[in-house]
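See structure below.
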Amino acid sequence: MSYLDEVQQDIARIAEQVGPAIAGIGGRRRAVGSGVIAGDGRIVTNAHNLRGSEVHLTVGDTESDGAVAGRDVDGDIAVVSADTAGTAPAEWGSLEDITIGTPVFALSNPGGRGLRVTVGFVSGTERSFRGPRGRRIAGSIEHTAPLLPGSSGGALVDREGRLIGINTNRLGEGFYLAIPADEQLRSKVDSLARGEAPVRPRLGIGIAPPHVAKGLRRAVGLPDADGLLIRAVEEGGPADTAGLQEGDLIVAASGAPVGSVDDFYDVLEKAADGRTFELTLLRGTDERTVSVALS
């Protein structure tokens, strides 16, 4: 048997084995995305595929409406509750043997317009990208299985048809990213299915990264300084209550220098709700320390 014959058989087997568990998200007007049946009445997809609390779904030849059970926008994962008509869910796999060069298969059903199965290889592991609101999502699997628009939320599986990732991001030039289907994701899916959306500490500000901050400070005649520039302050939010202002430059958080947006989010993620969070700021050229009660 030739290599191409083996690949053909693998694709056909994966399509038959996993294809029924791949759902279409949307589709009434345009392809929106895909999803994966991960349990009875439970469909996992990307949070960026969802536009409201109700979701139009296609599972096999059946169209129906589902409801969003929970979503993690920063992590770009959501769970939809729907009638999956007894369809067998995708089997969760293991990431232990997933390395560069591992063959993988990507399955999708863009907007319910039919199953697609493509093959590729893992080209990188532990990759990072930005979620819908700019937070870093780490640990992703980079691969080369081609994806059509509307494929996000679909499955990345190994040669045994076991789920190893949720496809989420197209890098261009033939590379794609999948959120790893590890124990952390399984736990998150269980929580979202129960309606327990993650609550992250928030300040209620919009920020500009260091390179933008430096340019804006130079434009108004202020000296260079490393930090994040506050570009907007949410009225009534924790930052507003603490007296932070548009134009302030955050140079440290909880005593740690802030050299990047990721540095800031890493410190913020470790903080607890209701805790006092200290920020060191430059307002013009004056340095000050402000305590913010997180919400």
Side-chain angles (χ1 to χ4, degrees), residues 46-48 71-77 124-142 152 168-173 175-180 184 198-273 275-295:
N46 289 143
H48 74 251
R71 73 183 96 197
D72 175 9
V73 176
D74 290 324
D76 203 15
I77 286 291
T125 59
E126 297 298 325
R127 299 296 193 240
S128 299
F129 68 99
R130 299 288 174 190
R133 293 197 295 210
R135 295 210 183 205
R136 180 177 57 180
I137 299 175
S140 297
I141 301 169
E142 181 188 289
S152 62
T168 187
N169 198 25
R170 303 175 69 194
L171 295 176
E173 303 298 330
F175 295 92
Y176 308 84
L177 291 176
I179 297 171
Q184 182 179 359
V199 178
R200 293 181 172 86
R202 57 186 301 275
L203 291 176
I205 57 174
I207 53 179
H211 69 281
V212 175
K214 286 184 177 180
L216 292 174
R217 283 177 63 87
R218 288 175 190 150
V220 295
L222 291 172
D224 282 351
D226 293 324
L228 306 176
L229 189 72
I230 297 179
R231 303 196 68 172
V233 178
E234 178 185 311
E235 185 177 355
D240 184 35
T241 301
L244 273 67
Q245 299 178 9
E246 182 178 344
D248 286 347
L249 186 74
I250 301 173
V251 296
S254 292
V258 176
S260 69
V261 174
D262 291 333
D263 288 343
F264 181 68
Y265 282 139
D266 286 345
V267 175
L268 189 60
E269 287 288 343
K270 296 175 184 176
D273 289 354
R275 172 185 164 188
T276 299
F277 187 72
E278 287 197 344
L279 296 176
T280 303
L281 310 171
L282 286 180
R283 183 166 294 167
T285 57
D286 296 331
E287 183 176 305
R288 61 188 67 194
T289 299
V290 178
S291 295
V292 184
L294 298 173
S295 65

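Within 6.0 Å of CD on Gln245 lie more than 12 heavy atoms contributed by other residues, nucleotides or ligands.
Partners of Arg71 by side-chain hydrogen bond (donor to acceptor under 3.5 Å, both in side chains), not counting sequence neighbours: none found. Partners of Ala213 under the side-chain contact (heavy atoms from CB on, under 4.5 Å) rule, at least two apart in sequence or in another chain, are Leu229, Leu249. Residues meeting the side-chain contact (heavy atoms from CB on, under 4.5 Å) test with Asn169, sequence neighbours left out: Phe129, Leu171, Leu177. Remark: Glu234 engages Arg202 in a salt bridge (charged side-chain N to carboxylate O under 4.0 Å, His left out) (not counting sequence neighbours).
In terms of heavy-atom proximity, Asp76 sits nearest to Ala47 at OD1-N, 3.1 Å. Among all heavy-atom pairs drawn from Ser152 and Thr168, the shortest one is CB-O, 4.0 Å. Across all non-hydrogen atoms, the minimal contact from Pro210 to Leu228 is CD-CD2, 3.5 Å. Nearest approach of Gly139 to Pro180, heavy atoms of both residues: O-CG, 3.2 Å. Listed here is the closest heavy atom pair of Thr241 and Gly236: OG1-O, 3.9 Å. Scanning all heavy atoms of the two residues, the minimum distance from Pro238 to Ala293 falls at CB-O, 3.3 Å.
A salt bridge (charged side-chain N to carboxylate O under 4.0 Å, His left out) check over residues 217-230, counting only residues at least two apart or in different chains, returns the pairs Lys214-Asp226, Arg218-Asp224. The salt bridge (charged side-chain N to carboxylate O under 4.0 Å, His left out) pairs that include a residue from residues 244-258 are Asp248-Arg283, where partners are two or more places apart or lie in different chains.
Contact check for Glu287 versus Thr280: side-chain heavy atoms found under the 4.5 Å cut-off. Within the 4.5 Å cutoff, no side-chain heavy atoms of Asp263 are placed close to those of Pro257. Residues Leu281 and Leu244 are in side-chain contact: their nearest non-hydrogen atoms beyond the backbone lie under 4.5 Å apart. Residues Thr285 and Pro223 form a side-chain contact, since some pair of their non-hydrogen atoms from C-beta on lies under 4.5 Å apart.
Within the model, atoms NE2 of His211 and CG of Leu216 stand 9.5 Å from one another, a figure rounded to the nearest 0.5 Å.
In summary, of the residues considered (Leu279, Ile250, Asp240, Val292), a side chain to side chain contact (heavy atoms under 4.5 Å, CB included) with Ile205 occurs for Ile250 alone.
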